[in-house]
S.K.: 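Below you'll find the structure I mean.
In this chain, residues are counted from 1 in sequence order. For the numbers below, each heavy atom of this structure counts, side chains included, while hydrogens, waters and symmetry mates do not. We count ligands from 1, going down the list as the structure has it; atoms in each ligand are counted the same way.
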Amino acid sequence: MVNQPAVDAFRSGLRGELIDPQSPNYNAARKVYNGMIDRRPALIARCADVADVIAAVNFARDQKMLVSVRGGGHNAAGLGVCDDGLVIDLSLIKYVRVDPKKKTVVAGGGSLWGDVDHATHAFGLAVPAGIIASTGVGGLTLGGGLGHLTRHCGLTIDNLLSVDMVLADGRFVTANAKENSDLFWAVRGGGGNFGVVTAFTFKAHDIHTDYAGPTLYPLEDAAEVLRWFSKFIVKAPNELTGFFAFLTVPPGPPFPAHLHLKKMCGVVWCYSGPLKKAEKAFKPIRAFKKPALDLVVPIPHPALQGMFDPLFPTGLQWYWKADFFREIGDEAIAQNVKHGAMMPTMLSTMHLYPIDGAASRVKNSATPWAYRDAKFAQVIVGVDPDPAKKDAISSWAKDYWTAVHPYSAGGAYVNFMMDEGEDRVRATYGKNYATLAKIKKRYDPANLFRVNQNIKPK
Ligand SMILES: Cc1cc2nc3c(=O)[nH]c(=O)nc-3n(C[C@H](O)[C@H](O)[C@H](O)COP(=O)(O)OP(=O)(O)OC[C@H]3O[C@@H](n4cnc5c(N)ncnc54)[C@H](O)[C@@H]3O)c2cc1C
């Protein structure tokens, strides 16, 4: 039961907006990126600033309401929204400030990666992020963050310098290497468990134009390509990365008509070193095998970051399964080839991201990310616009995962997981789980922030 006088007082003090089931924009506001998620919160607080976030946290705690925090709303498990509780929606806290001299970037807690890419590109800088520009800075960073620059510049958390946060007791704190360093350790991979991050400060890199794009190969060559790729990429210079994919070629430009709707395999490459050295870096790739299509060209970094956004608009049905791998052996290759060929819909895909290079120079205990020694993060994603395909895409992803999981390292990247229970969260954090649980007890003993890949306070 919502206490109406308390709600009225909360609403009148907000600079942003308090949305309830009677509000005309309620249905739009409760939607998240994954169209499979259909939750009905009691209230959605669109916070305009830090003061609003403090008020929202205090209100939820005092009213004993379930709380979810929404950054970009991209989480596949729908962790930005909850049933019957309060959504703290950060989408209005969207700003980016670049310091070109110090090469640092401050992004508001509700910013999207496209906002960061746009702002930094003007100064020839980039922050390592994911591969879709509409993803939230908040959720991606707090879970780790892998993408086109991981081998070159590390995970997103390896480039995080400081956060401003509102804690469960309503206090506002800064956490970095000097201040609240235990909290700073925990937010670099421990997800939204520790409070609401209202601002992120990142280190940026001198990256303006990449040499990037896909090379595609016939599905019949998938075993050969995957075997070659998994051995080649871990020895390649760190400026070069590429993720292996099973995909169906979209029926439109820039793809030639004879490949439209064909199931293929491929690698989406990104060379982020000096452009004049790019052709040389690609010599072994082009010598390995002539691809059916080679779309690798010089491309501005934000254009690469936004390349897949039109293919994956908001509201599609998504079901994800994931794991880390230390190697991709022959048996794992055989299972991948078998299940990759069975993709149930045009948008369903499998990505195998290398997470070595700069990311593996960090110790397993230096941040919550406990798989610095793993070489790959795999994600199997069933995707389709049609809700009637929900079961088909989910069961394909589950069957595929069941077949390859025995060859995995045990846990998975938290941001690639659905709601899979405590054992999976523990497997993912490994030895770091106990430290995370202690820090959780210090900063959120009542587990107010539990709509996430939850770490129980201990
Ligand atoms: C199409 C697609 C592509 C993706 N590609 C990549 C990729 O290349 N690399 C990668 O690393 N990940 C990728 N992801 C996964 C992505 O990192 C996660 O889905 C992430 O949770 C999204 O963050 P968000 O802020 O948009 O999500 P939300 O749904 O808003 O939030 C997700 C979780 O983070 C918490 N959270 C968000 N913001 C804050 C904040 N400011 N303070 C406290 N807690 C917060 C929420 O409480 C929730 O638990 C992709 C996801 C999608 C859908």
S.K.: Nearest heavy atom to atom 52 (C) of ligand 1 wins, so pick from Gln305, Met165, His74.
M.R.: His74

S.K.: Quick test of your reading of the structure: of Val451, Thr135, Val379, whose heavy atom lies closest to atom 49 (O) of ligand 1?
M.R.: Val451

S.K.: Closer than 4.0 angstrom, basic N to acidic O: yes or no for Asp206 and Lys103?
M.R.: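 Answer for the salt bridge query: yes.
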
S.K.: Using a strict 4.0 Å threshold on nitrogen-to-oxygen distance, state whether Arg372 and Asp158 make a salt bridge.
M.R.: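 Looking at Asp158 together with Arg372, the answer is yes, because their closest N to O distance falls below 4.0 Å.
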
S.K.: Can a donor-acceptor pair be found, under 3.5 Å and without considering hydrogens, that links the side chain of Thr345 to the backbone of Val383?
M.R.: yes

S.K.: Could you identify the single nearest non-hydrogen protein atom to atom 32 (C) of ligand 1 and state the distance to 0.1 Å?
M.R.: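 The closest one turns out to be Asn75 CB, 3.5 Å.
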
S.K.: Could you tell me whether the side chain of Tyr217 and the main chain of Met264 form a donor-acceptor pair under 3.5 Å?
M.R.: no

S.K.: Could you check whether any side-chain heavy atom of Phe200 comes within less than 4.5 Å of a side-chain heavy atom of Val116, counting everything from C-beta outward?
M.R.: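 Not in contact.
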
S.K.: Apply the side-chain contact (heavy atoms from CB on, under 4.5 Å) test between Asn336 and each candidate in Tyr407, Tyr400, Phe244; give the one that qualifies.
M.R.: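 Going through the options one by one, the only one that passes is Tyr400.
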
S.K.: For atom 23 (O) of ligand 1, what's the nearest protein heavy-atom neighbour? Residue, atom name and distance, please.
M.R.: Gly139 CA, 3.1 Å

S.K.: Check whether any heavy atom of Gly195 sits under 4.0 Å from an atom of ligand 1.
M.R.: yes

S.K.: With the threshold set at under 4.0 angstrom, would you say Gly143 reaches ligand 1 through any of its heavy atoms?
M.R.: no

S.K.: Nearest protein heavy atom to atom 24 (P) of ligand 1, by residue and atom, and its distance?
M.R.: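 For atom 24 (P) of ligand 1, the nearest protein heavy atom comes out as Gly72 N, 3.4 Å.
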
S.K.: State whether Asp323 and Arg424 are salt-bridged, where the test is any N-O pair (Lys NZ or Arg NE/NH1/NH2 against Asp/Glu carboxylate O) under 4.0 Å.
M.R.: yes

S.K.: Report the nearest protein non-hydrogen atom to atom 15 (C) of ligand 1: residue, atom name, distance rounded to 0.1 Å.
M.R.: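 Going atom by atom, the protein heavy atom closest to atom 15 (C) of ligand 1 ends up being Asn415 O, 3.5 Å.
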
S.K.: Counting non-hydrogen protein atoms only, what is the nearest one to atom 44 (N) of ligand 1? Give residue, atom name and distance.
M.R.: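 I find the closest protein heavy atom is Leu142 CD1, 3.4 Å.
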
S.K.: Under 3.5 Å, is there a donor-acceptor pair between the Asn34 and His74 side chains?
M.R.: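 Asn34 vs His74: no donor-acceptor pair found between side chains.
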
S.K.: Would Arg11 and Asp20 pass as an ion pair if we require N to O under 4.0 Å?
M.R.: yes

S.K.: I need the nearest protein heavy-atom contact for atom 11 (O) of ligand 1: residue, atom name and distance, please.
M.R.: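 Of every protein heavy atom, Tyr413 OH, 2.6 Å lies nearest to atom 11 (O) of ligand 1.
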
S.K.: List the closest protein heavy-atom neighbour of atom 14 (N) of ligand 1: residue, atom name, distance to the nearest 0.1 Å.
M.R.: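 Nearest protein contact, heavy atoms only, for atom 14 (N) of ligand 1 is Phe416 CE2, 4.0 Å.
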
S.K.: Counting from 1, what ligand 1 atoms have a heavy atom of Val196 closer than 4.0 Å?
M.R.: 42 (N), 43 (C)

S.K.: Would one find an N or O of Gly73, backbone or side chain, under 3.5 Å from an N or O of ligand 1?
M.R.: yes

S.K.: For atom 35 (C) of ligand 1, which protein heavy atom lies nearest, and how many Å away is it?
M.R.: Val69 O, 4.1 Å

S.K.: Taking non-hydrogen atoms only, is Val197 closer than 4.0 angstrom to ligand 1 via side chain, backbone, both or neither?
M.R.: both

S.K.: Out of Trp320, Phe194, Phe308, Phe312, whose heavy atom sits nearest atom 4 (C) of ligand 1?
M.R.: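 Of the listed residues, Trp320 has the closest heavy atom.
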
